[in-house]
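Quick one: the structure is below, and I'll ask about it shortly.
The residues of the chain are indexed from 1 along the displayed sequence. One-based numbering, in listed order, for ligands and for the atoms of each.
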Amino acid sequence: MRVVMKFGGRAVADGAKIKTVAQLIKQFKEEGERTSKSRAEIVIVTSALSGVTDSLLETANRVAQEGDMYHVKDFVKQLQEKHERAAADAISNGAEVETVRVELTERITEVEKALSGICLLGEVTPRSLDYISSFGERLSAPILAGTLRSIGMEAAHLTGGEAGIITNDDFGNAQLTWDAERLIRERIMPLLETTIPVVTGFIGETRKGIITTLGRGGSDYSATIIGAAIDADEIWLWKETEGVMSADPKIVKNARMLPYISYIEAMELSYFGATVLHPRAILPVMRKKIPIRVKNVYHPGDPGTLIGEEPEKTKKAAKAITLIENASIVNVSGTGARSIADVAARIFSVLAAKNVDVIMISQGSSELTISLVIKGTQLERAIEAIQNINSGGAVIRDFASNSDVCAMGVVGAGMAGTPGVAGKVFSALGKAGISVIMISQGSSEFNISFVVKKKEAYRAAQAIHDVFEMGSG
Ligand code: ASP
Ligand code: MG
């Protein structure tokens with residue numbers, strides 16, 4: 001059995017948790033080998049200790065603005081203490097603690113240099129932010145590898161680049177190069193004979209050796225990239241949560257864990273605000289049909305959620321409801337001087353140039369307006385981009401935005417071809433007295449998305465969850 005296991009930041013939040021994780025890996029390997037009488041090959045992908053990536057990014061931005069060298073010193077000291085404490089708590093063997101501490105000190109010196117540089121220059125670039133944020137994983141991986149060695153396992157840590165994750169230089173959202181899969185195979189496969197590779201999630205490297213990142217939460221993606229490259233039997237994403245849920249349990253009272261969802265559903269969910277998976281994580285494994293399990297570190301014996309190829313044959317048309325709370329609607333009306341296709345082309349190209357992600361699109365057949373939903377944090381950028389369109393001649397008559405909204409997505413493969421699903425969604429909202437501001441349904445029919453007023457969103461989620469009985473199996 002060949003398995004890639006990824007541990008999220010909260011699963012490796014401190015020394016005690018890292019120790020638990022290492023025990024879990026050991027147990028899986030030993031049990032796997034005992035029951036199948038063949039080698040259990042494991043690749044570990046780890047996130048940064050919980051909160052570290054955020055704090056690195058925050059500090060880089062802050063010291064660039066404030067130029068406060070004392071803050072750099074303070075932060076670096078805390079970072080060092082946090083990781084040294086984790087190493088000391090996780091690793092029982094003194095010599096091993098020392099080996100790891102030497103490595104941590106080297107990394108800490110590098111972070112300090114980089115942050116000092118940013119502080120002096122007073123600016124951060126996407127490239128320097130990727131470099132800075134890579135330290136979270138580059139500090140956690142040596143600790144986990146050391147912990148595994150201290151309980152008698154052969155383990156070695158690697159950066160994403162060392163593991164063959166070679167990308168372009170689209171910093172913050174890097175894309176794999178065409179030959180990355182082969183490189184990963186070449187680097188990881190020989191190690192598997194003797195060692196458990198512990199790879200830093202989230203980060204890659206350009207061909208020139210410059211560090212890149214795969215986007216926030218990118219460790220899931222690292223795991224599936226590696227899993228696909230080495231033809232893993234399964235990919236296990238260990239989290240502190242139960243698995244993939246029918247809704248956010250903080251919002252919907254009877255939300256439940258979904259035992260099975262298909263790749264398509266997982267993709268729809270992650271693109272639509274469910275934070276359970278990195279949106280791009282499903283792509284690498286789809287082609288090879290490698291199953292993904294989302295498992296809970298606290299209940300390792302529970303099956304968790306299985307994500308696979310088959311669209312499950314269930315009577316339930318809609319399985320989950322997600323929401324993007326911080327969304328904005330932008331309505332753009334054309335002047336009529338140009339075709340609507342031309343107006344749309346211009347809008348999308350300026351938004352793409354400003355890296356604005358469009359979550360939903362809808363265009364009425366009167367062809368007068370196009371409505372878009374984007375993330376609230378990108379609204380300012382989007383407005384600036386759209387304002388500039390008219391500088392090349394009148395294209396847009398008017399535009400307006402509204403951020404007092406929430407975008408919601410109803411997801412389920414069983415919705416495709418099932419009549420009445422949309423009717424059920426909107427009549428449930430009508431009965432709850434909630435008016436719908438915008439609607440869109442992709443022709444894949446796996447997702448119906450709509451926008452409501454922010455203050456009505458939680459009630460809307462509960463109403464939809466109830467009407468489709470998403471809380472029961
Ligand atoms: N540490 C990175 C982040 O916080 C990647 C990850 O945890 O998956 O975004
Ligand atoms: Mg994470």
Strictly under 4.0 Å, does any heavy atom of Gly218 approach an atom of ligand 1? yes
Are any of the N or O atoms of Arg216 closer than 3.5 Å to those of ligand 1? yes
Using a cut-off of 6.0 Å, state whether more than 12 heavy atoms not belonging to Glu33 lie near its atom CD. yes
Parallel, tilted or perpendicular, as decided by the 30° and 60° cut-offs, for the rings of Phe28 and Trp236: perpendicular
Short N-O contact, Arg149 and Glu154, less than 4.0 angstrom: no
Closest to atom 2 (C) of ligand 1 (heavy atoms only, candidates Arg10, His278, Glu137) is Glu137
Which atoms of ligand 1 sit under 4.0 Å from any heavy atom of Ser47? 6 (C), 7 (O), 8 (O)
With a cut-off of 4.0 Å, which atoms of ligand 1 are near a heavy atom of Ser219? 5 (C), 6 (C), 7 (O), 8 (O)
Does the Arg381 side chain pair with the main chain of Asn355, one donor and one acceptor, at a distance under 3.5 Å? yes
Would Gly8 count as a contact of ligand 1 if the rule is a heavy atom under 4.0 Å away? no
So does Arg107 have more than 12 non-hydrogen atoms from other groups sitting under 6.0 Å from CZ? yes
Judging by distance only, is a nitrogen or oxygen of Phe202 under 3.5 angstrom from one on ligand 1? no
Answer yes or no: is there a donor N or O on one side and an acceptor on the other, between the side chain of His299 and the main chain of Gly301, under 3.5 Å? no
